[in-house]
Amino acid sequence: MALHVLDEANRCLGCKKPMCQQGCPIHTNIPEVIRLLKANELDAAGRMLFENNPLTTVCSLVCNHENQCEGHCIRNRMPSHDPVHFSIIEDYISTTYANKMTKGPAPRNGMKAAVVGAGPAGLTIAVLLARWGYDITIFDARDKIGGVMRYGIPNYRLPDSVLDDFQYRHLELKGIRVRPNTTIGKTITIDDLFRDGYKSVFIGAGLWKANAMHIKGETLGNVAFGIDYLANSKAFRLGDDIAVIGVGNSAMDCARTAIRNGARHVTCYARRDESCISASAYEVSYAKLEGVGFRFCKAPVEIRENGLICRDTVKNEEGKFVQVEGSETFYPHTGVIVSVSQGSESNLVKTTTGIETNQKGLLTVSEDGSTTREGVFAGGDAVMGARTVVEAVAIAKQVAESMDKYMKSLPADTTPDPYADIPTFQTPTSDVLGKQEVK
């Protein structure tokens, strides 16, 4: 692999105006990283990657490289159209250097901050604030960190081991606490966090509420919503001929996961034509390679226990796709996965005063990421809707700076501890049998 990586690195032209860096949402200094690698300074290249992007090991695997860094590579303008595949280089450097990261937590500055949600935005915020001396606790509704990265991206694309390693090296070794299986907005509220001394709160909760199509049959036992299916696909029994409604990246993940779970036939349905595919070209090409079929201009109108009824759609003069009455056709399937979109849960907002949302239920924030409640910031899917990992990282970096500025502006806490002078209970020494030692 190392030889392959160096071959790719040697293809870099070292442009004075690196278009690849401009195409990256977090502006990774790709030419410098490659230069350091070629100069046998892998550790320096790794430090540069992690300092710019704490989730570099993740982004090297799941970023939409063909539309970002690699898509902007100047080599695309050559007749060969062969960009430098920086994803391979980043994966090699980040995973190799990650094994050397053992530095402990930074000196504490005496202030605590809470992070709600262990997805890409929340983890980025936590790591950056911890670097700057804040005492960080992450609260997440699930038992393991990662959010959509663990429960929404299949393991074949992003192995759990990458996130487990991140937790050890970036959270545990840095003194960042994680409180799993804890949903903020139920037993614990935002008000409780401020009561317990957190100076600022970041909300990075993901979009875990599947949006329904509201057609007959969505409650049947052979139906699954995409976000639920990806979270635990093995729990569903959908048979060997599955329909996937949707053509986004999540739909491609559902289709390819179904193939890996033993489905013999998987077909994706779209209301519009092939130009409406929102999934990346790479994901679509892999889906087709693995045997996934596509039916376009089909609008589902009813789900049945043995298949799906669709109407044909056509583009009208205004460019909109409309259903053709009387064109209903039954397509036999053993199971159906609805993967059209996700929305936000509302428990947190309902239990917190002063936080406003828009019509879609997404949090309303200012340019600096602050919500309408003082001290509460937000970013990621909770604000922008479903976006990519690297876009969440980009926003989180900006919000982290805003939170740091806000907390530094707060007056010093001079409230005395009412229990500062109480005696400390002395645990009695005991022998190996657990009996109190006789003196």
Side-chain angles (χ1 to χ4, degrees), residues 62 64 119-120 141-142 146-158 205-263 265-272 276-280 282-284 286-288 290-296 298-303 307-308 310 331 333-345 360-362 380-382 384-389 392:
V62 302
N64 189 354
R142 297 181 181 265
V148 69
M149 296 182 294
R150 186 186 294 271
Y151 298 102
I153 299 178
N155 199 264
Y156 65 84
R157 287 183 58 205
L158 179 59
L207 304 179
W208 295 107
K209 180 182 178 182
N211 287 338
M213 295 184 299
H214 302 294
I215 63 175
K216 185 178 180 180
E218 278 187 292
T219 66
L220 297 178
N222 65 326
V223 180
F225 289 111
I227 191 67
D228 302 326
Y229 182 76
L230 291 174
N232 187 6
S233 63
K234 297 292 185 181
F236 293 89
R237 298 292 183 266
L238 302 179
D240 63 358
D241 189 344
I242 298 175
V244 177
I245 301 175
V247 285
N249 281 322
S250 292
M252 296 305 107
D253 287 340
C254 289
R256 298 178 65 195
T257 298
I259 292 287
R260 284 160 175 74
N261 286 346
H265 304 284
V266 177
T267 306
C268 290
Y269 288 79
R271 293 175 179 269
R272 295 176 289 171
C276 77
I277 294 178
S278 57
S280 73
Y282 279 2
E283 290 304 309
V284 174
Y286 278 122
K288 291 180 177 179
E290 293 169 12
V292 176
F294 290 81
R295 289 194 175 112
F296 297 98
K298 305 295 179 185
V301 294
E302 182 179 335
I303 300 173
L308 182 67
C310 295
Y331 298 93
H333 291 285
T334 57
V336 177
I337 300 173
V338 179
S339 182
V340 289
S341 61
Q342 295 95 244
S344 60
E345 299 285 0
K360 296 182 179 179
L362 302 175
D381 290 357
M384 303 183 296
R387 297 293 182 90
T388 63
V389 172

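Please read these numbers as outputs of a predicted model, since none were measured by experiment.
- Here the closest heavy-atom approach between residue P120 and residue G146 is recorded as CD-O, 4.2 Å.
- Atoms CE and OH, from M252 and Y286 in turn, are 15.0 Å apart once rounded to the nearest 0.5 Å.
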(request) Carefully, step by step, assess V62 and M149 under the rule side-chain contact (heavy atoms from CB on, under 4.5 Å). (result) CA-CA 9 Å; V62 302; M149 296 182 294; over 6 Å; no
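- Distance check, rounded to the nearest 0.5 Å: NZ of K298 to CG of L308 gives 11.0 Å.
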Which atom pairs, donor and acceptor, lie under 3.5 Å between side-chain atoms of residues 219-230 and protein residues at least two apart or in another chain?
from, atom 1, to, atom 2, distance (Å)
N222, ND2, R304, O, 3.2
N222, ND2, E305, O, 3.2
Y229, OH, N261, ND2, 3.3

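- The side-chain heavy atoms of T257 and Y156, taken from C-beta on, include a pair separated by under 4.5 Å.
- Interatomic distance, N155 CG to S233 OG, rounded to the nearest 0.5 Å: 10.0 Å.
- P300 approaches C310 most closely through the heavy-atom pair CA-SG, 3.8 Å.
- For the atom pair H333 NE2 and I242 CD1, the distance stands at 10.0 Å (nearest 0.5 Å).
- Residues D253 and I153 come closest through the heavy atom pair OD2-CA, 4.4 Å.
- For N249 (side chain) and S280 (main-chain N/O), a donor-acceptor pair under 3.5 Å exists by modelled atom type.
- Closest approach of R256 and E290 over heavy atoms only: NH2-OE2, 2.8 Å.
- Remark: I277 engages V247, E274, A279, V284, F296 in a side chain to side chain contact (heavy atoms under 4.5 Å, CB included) (not counting sequence neighbours).
- Taking both residues in full, the closest heavy atoms of G246 and A251 are given as O-CB, 3.2 Å, listed atom of the first, atom of the second, then distance.
- For the side-chain contact (heavy atoms from CB on, under 4.5 Å) criterion with V266, the lone passing option out of V244, L238, I337, D241 is V244.
- With rounding to the nearest 0.5 angstrom, the CD1 atom of I215 is 4.5 Å from the CD1 atom of I303.
- Side-chain contact between R157 and E283 is present, with heavy atoms from C-beta onward closer than 4.5 Å.
- The backbone N or O of G293 sits nowhere less than 3.5 Å from a side-chain atom of T267 that would complete a donor-acceptor pair.
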